[in-house]
Protein chains: 2
Amino acid sequence: MNNLTLKQMRYFEAVAEHRHFGHAADAVGISQPALSMQIKDLEATLGAQLFERASRQVRLTRLGEDLAPRVRAILRSVDEVADLARSSQQAMSGRVRIGVIPTIAPYLLPSFIGHLTRDHPTLDIHIRETLTPKLITELGDGRIDAAIVALPVSEPSFEEVAIFDEDFVLVRPDEDADRPVPAARDLAKMQLLLLEEGHCFRDQALAFCSMRSALPREGLDGSSLSTLVQLVGAGIGVTLIPQMAVAVETRSANVSVARFDAPCPKRTIGMIWRKTSPLADQFRVIADSVKKAASALP
Amino acid sequence: MNNLTLKQMRYFEAVAEHRHFGHAADAVGISQPALSMQIKDLEATLGAQLFERASRQVRLTRLGEDLAPRVRAILRSVDEVADLARSSQQAMSGRVRIGVIPTIAPYLLPSFIGHLTRDHPTLDIHIRETLTPKLITELGDGRIDAAIVALPVSEPSFEEVAIFDEDFVLVRPDEDADRPVPAARDLAKMQLLLLEEGHCFRDQALAFCSMRSALPREGLDGSSLSTLVQLVGAGIGVTLIPQMAVAVETRSANVSVARFDAPCPKRTIGMIWRKTSPLADQFRVIADSVKKAASALP
DNA sequence: GGTTGTTCATAACCCTGCCTTATCGAACCC
DNA sequence: GGGTTCGATAAGGCAGGGTTATGAACAACC
């Protein structure tokens, strides 16, 4: 029979993901019969079924299940070959997909994207904003090319470079402005408002207060720094936010911002990418650009 | 431009190895112009040259040098996929997940697993022991591949094959051994001990006594046949068990076993799997093996 | 329970793309 | 300078892969 083709593998990946021939066909941009035929050919060349077509349900066979990760790996490798070729040809051009955590994105992105597209007009930047664990998964899967997160990540397959440190500041209701700044351990006794479970900034704030985990307090976890600051403004408690968020978030709330004495809490923001990524050089340039954008912020 | 293809990569690999278009073309079994065209297309899609065509010498560019190992790795991975598919498709090998009901598993499995793994050492059998309704759900969801249960199941999406019939026998306290065997309808008046709600064997025993359902009798439902026999031994009542369980369960209890006159109660044990399952052939072989194992039991 | 809808497979057709052979052109060799 | 080598180019034919239309099986719904 015929040989395997990348086309067939791409189609296979799509069907494996969607478990539905019609949707998979849409996803890869061909008609459903064309996709069905390719899958059929693929199964014929392999000499075994990959999918079990039940009524209204497409299921991977055991072989399909075994093959899926290998096929994905192959396709990612092929993408990398294309990336490598492109980057070798002309630095700082082409599509680059960058993930950013939510406690960084709103404050850093506007100026950073501006700088970068001005300096490198051929660069096509796609931004994905979500929590660190998801970014790490997507980076590993090749669905994004790099990510801007809090270090360390400590994945052996990723390269990580620090970009800048950012201090945490205390946000209190306006009327507390003249009170002394509490020590770290005193924060634990106050009504400290935190982001929802899953945000790395939540864990970083807790670490500063030397708390292993927060007691569950119904309704007092915010889904964004903006929410937290609004709650503080309403007198519900106090919170920590990164320095970078101060200008944007405290503009229109009745809150006062106070810096901590040494040791000032902080975190390191950096960039990560797959060690095998051929775009590494570009990422170093981008990281540098991010650093400039960050230091230009108020 | 066009997409990368495995064909192009194979040609690239050949040229990289031979450093000669004509020889490479012979090696991959096409004409030299065809190969030249494919390489040209490949370079066009990558946007960079891979070879330096000097006079009487083909040399890899820097990029070609970088790409060669990646391309080789990809081609090897693809070969592995094909090999994996081929080897997996040899019958009676690989992982097979089989569900078995609790009133069968302890008696049948030891010898059946032994037979099967001896005859098919590459077969990797996973057993799941639980009640019929759960097995049916898991089979439908693809969490198991087949199940050994009492027939009929009558799910239109499942194939079912009978394996063997097994008679039910009466278990009484030792001192009743000489009494006549009661008729089916008399059992209803005796203290008949049953398995807990949910076991199909409970319903089958009730059906034999022409009872639609048992009155709830606190504390008199057993969680296993073993428990029921122990209760009988303690003089609490009588019970029914499948023939197959006699040897194991009545060995060390003060009970006597009696067979019923015709019509002897019995049930049909069989195997079920999704009609769409590509493993159907394997299941028929396995069912046959189960049948042999069952007839070899005392 | 007939009808409608969903979903994958099949059919018929068409076009693009790949391979073939023939030939060219440049570089090297004598 | 003629012959040789070797990759590029040209022209034509076949087929692989795409399209739309339709079929078949089955679930779901008045």
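A note on names: the letters A, B, ... follow the listed sequences, proteins ahead of strands, and every chain is numbered from 1.
Taking atom CD of Q57(A) as the reference point, atom C1' of dT7(C) lies 13 Å away to the nearest angstrom. The nearest whole Å value for the distance from the CD atom in E43(B) to the P atom in dG7(D) is 13 Å. Taking atom CG on N3(B) and atom C1' on dG18(D), their separation rounds to 15 Å, with Å as the unit. When the P atom of dC8(C) is taken as reference, atom CD of E52(A) falls 14 Å away, rounded to whole Å. Regarding R53(A), its CZ atom lies at a distance of 16 Å from the C1' atom of dC26(D), rounded to whole Å. Taking atom CZ of residue F51(B) and atom P of nucleotide dC6(D), one finds them 16 Å apart after rounding to whole Å. Regarding L42(A), its CG atom lies at a distance of 16 Å from the P atom of dG16(D), rounded to whole Å. Distance H18(B) NE2 to dG7(D) C1': 16 Å, rounded to the nearest Å.
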Exercise for review: Check the pair I127(B) / I98(B) against side chain to side chain contact (heavy atoms under 4.5 Å, CB included), numbers first and verdict last.
Suggested key: CA-CA 5 Å; I127(B) 294 294; I98(B) 301 178; 4.2 Å; yes
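Applying the salt bridge (Lys or Arg N to Asp or Glu O under 4.0 Å) rule to K292(B) yields the partners D288(B); only residues at least two apart in sequence or on another chain are considered.
Between F51(A) and F12(A), the ring-plane angle classifies as tilted under the 30° and 60° cut-offs.
Between the side chains of T103(B) and R267(B), at least one donor-acceptor pair of N or O atoms lies under 3.5 Å.
Residue L75(A) holds its CG atom at 6.5 Å from CG of L6(A), rounded to the nearest 0.5 Å. The CG atom of L50(B) lies 14.0 Å from the NZ atom of K40(B); values are rounded to the nearest 0.5 Å.
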Revision key, fill the gap. Going 5' to 3' through nucleotides 10-18 of chain C and flagging B where a protein heavy-atom sits under 4.0 Å of the base, S where only the sugar-phosphate is that close, and - otherwise, we get B-------S
